[in-house]
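Order of the sequence lines fixes the chain letters, A, B, ..., with proteins taken first and strands second; residue numbering starts at 1 for each chain.
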2 protein chains.
Amino acid sequence: MGKHTILLKCNCKNMNILEKITQHKSAFSKSERKVAEVILANPQSAIHSSIATLAKMSDVSEPTVNRFCRRLDTKGFPDFKLHLAQSLANGTPYVNRHVDEHDGPDEYTTKIFESTMASLEVARQSVCVNTVNRVVDLLTQAQRISFFGLGASASVAHDALNKFFRFNVPVVYFEDILMQRMSCMNCGSGDVVVLISHTGRTKSLVEIAQIAKTNDATVVGITSANSPLAQECTYVLSLEVPEDTDMYMPMASRIAQLTLIDVLATGFTLRRGNKFRENLKRVKDTLRGSRFEKRGS
Amino acid sequence: MGKHTILLKCNCKNMNILEKITQHKSAFSKSERKVAEVILANPQSAIHSSIATLAKMSDVSEPTVNRFCRRLDTKGFPDFKLHLAQSLANGTPYVNRHVDEHDGPDEYTTKIFESTMASLEVARQSVCVNTVNRVVDLLTQAQRISFFGLGASASVAHDALNKFFRFNVPVVYFEDILMQRMSCMNCGSGDVVVLISHTGRTKSLVEIAQIAKTNDATVVGITSANSPLAQECTYVLSLEVPEDTDMYMPMASRIAQLTLIDVLATGFTLRRGNKFRENLKRVKDTLRGSRFEKRGS
DNA sequence: TAAATAATGTTAAAAAATTACATTTTTCTT
DNA sequence: AAGAAAAATGTAATTTTTTAACATTATTTA
């Protein structure tokens, strides 16, 4: 790796630096990884250590620690500590509290709402804005956009369909896996295929990614980093969401995905500019007819 | 003031240091106050300055700045900066901030995530727990449960289907409005029909409520209070969600609805007891086969 | 007003971080 | 597989930053 290579995968300002370290661990060199481990093991103590102490603890030289910091797009060790402190400070008001067997309606309602919010906060910090921007770019230029997901993620894909459909963009969505495959086989270079999967381990979706790729489509994954699916994607929008509290279905991750789709859609309209948004308003107005009017309007 | 007097009024660890500076401004000495002013004027820049820079800006000597830090119960200047950084990070509880035309990806991403969280918080506070409890009761006793919604709310209904389907309960969902009507015409007194609509003003959904009601079904509305739909329902789970930031689709309200469905599902399983949940786990395990295993498991 | 005390500054020492460069390790090429 | 190139890591010196010790100045009070 070059002398001053900053980790390129992402250097978003809003991104929690701990997330950043975790996500890019594979991109670190051997010694840098040692530093990463030590910091992740006890970030709280790291912010109170000098570079010398940290170097000794990680069993590397001081400049290595310094280089580690720079790689994370900070100005140096003190600056890195500042960032780290800020990450730790986000004393997440909402905590991921698990529902307990003996909880009454009051408790479980609160817990579920709060842990959903907590997950969203975590997700927000793990999203790489640069990638968001690049994906929005792609979407605006796509000749056709496909959204695919399976199981719980299918509804997210469906949601994406609804959103982008209103933009009057050629957009495709299938629930059926065979249809998804067939659709991907007909892909061309103008196609953007967005695949949604929390774990990124669903075999058939990984296959679809491969099919789309061999047909020159750009494959965007909304999935967890370093998963098999992520490996097959051209771009990965990774969402780290805490282990699901929900015992039956991945709730938190789906909410995060939905929100991310919303972000993409918003980016899309912003990129398209004013006139486009006016059109959109007209589409919305069309729906009025099927509604009871509010009194006074 | 003594040599090493620490400000006594409050030295809570968790207290925002900016607050602390403001509150204790009167207790500072003349020079220290100068430092305080400069820091308060632009805390963001303060955390990136050296003690020398800050001293010059405040027009005091460096040790004065250092003493200022110690007075605030920090170990020294670097430690003070750490605290300050954390205070700045902590700020901004979630507010409903609207996306602006000129927002970059950084801004709109943050805004959307944060306003989603804000909406969830509002929604949480508006949910009536007693009604939740009663509805859970109803659902556990129902002979058949139907979930209907239109447009954006359709996906919420779909989600509900997925959740309750796993419980091995007779559950029904149709996207098509005619199918919904027909289904409601065949309702009996053991039926619970859950209707989802943000505004509660969609004509056809109100009609469905009426049909279900005349056929002795119990009608539960997840909608806004006092809406035409709410009027037709036996029970209303009202979700007050702030005006949508989203220009094209009701995003926040849908997230709130999904979360509420999750609450209902959770209540449902808790009511059903232990054995039931074990069954559920088995259903979940069945899905394993279609996945790539995580290494190590 | 003079002594006492607190506040502030000056200078020097210590600590910490960074740079420049040397050495080792890894990777790639032929 | 040997050797060249590139990358990674470390060593030592330099620079920056912070802190301590002490001197000076302002402020209070008896």
Nearest-Å distance for atom pair [atom1]/[atom2], residues [X] and [N]:
X: B/F68; N: C/dT8; atom1: CZ; atom2: P; value: 12 Å
X: B/E32; N: C/dT8; atom1: CD; atom2: C1'; value: 10 Å
X: A/R33; N: D/dA7; atom1: CZ; atom2: P; value: 17 Å
X: B/R67; N: D/dT19; atom1: CZ; atom2: P; value: 12 Å
X: A/R71; N: D/dT9; atom1: CZ; atom2: C1'; value: 11 Å
X: A/K30; N: C/dT24; atom1: NZ; atom2: C1'; value: 11 Å
X: A/F28; N: D/dA7; atom1: CZ; atom2: P; value: 18 Å
X: A/I51; N: D/dT16; atom1: CD1; atom2: C1'; value: 13 Å

If you check every side-chain atom of [X], which of [options] has the closest atom?
X: B/P78; options: D/dT19, C/dT10, D/dA12; answer: D/dT19
X: B/F77; options: C/dA17, C/dT8, D/dT19; answer: D/dT19
X: B/R70; options: C/dA17, C/dT10, D/dT19; answer: D/dT19
X: A/K81; options: D/dT11, C/dA17, D/dT18; answer: C/dA17

Handout entry: Atom NZ of B/K56: over 12 foreign heavy atoms under 6.0 Å
Key = no

Examine [N]: is either OP1 or OP2 under 4.0 Å from a nitrogen or oxygen in the side chain of [X]? Give yes or no.
X: A/N66; N: C/dA17; answer: no
X: B/S29; N: C/dT8; answer: yes
X: A/K75; N: C/dT18; answer: no
X: A/T64; N: D/dA8; answer: no
X: A/S31; N: D/dT9; answer: yes

Practice task
With the side chain counted from C-beta on, respond yes when A/L264 and A/V194 share a heavy-atom pair under 4.5 Å apart, and no when they do not.
Solution key: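 With C-beta onward as the side chain, the pair stays apart.
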
Exercise for the section: Side-chain contact test, heavy atoms from C-beta onward, threshold under 4.5 Å: evaluate it for A/L229 versus A/T202 and give yes or no. Expected result: no

Exercise for the section: Select from A/S61 and B/G76 the residue whose nearest nucleotide in DNA chain D is closer to the 5' end of that strand. Expected result: A/S61

Handout entry: Ionic contact status for B/E32 with B/R67, cut-off 4.0 Å
Key =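 The answer is no: the pair does not qualify as a salt bridge.
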
Exercise for the section: Determine, for A/K34 against A/E37, whether the closest basic-nitrogen to carboxylate-oxygen distance falls under 4.0 angstrom. Expected result: no

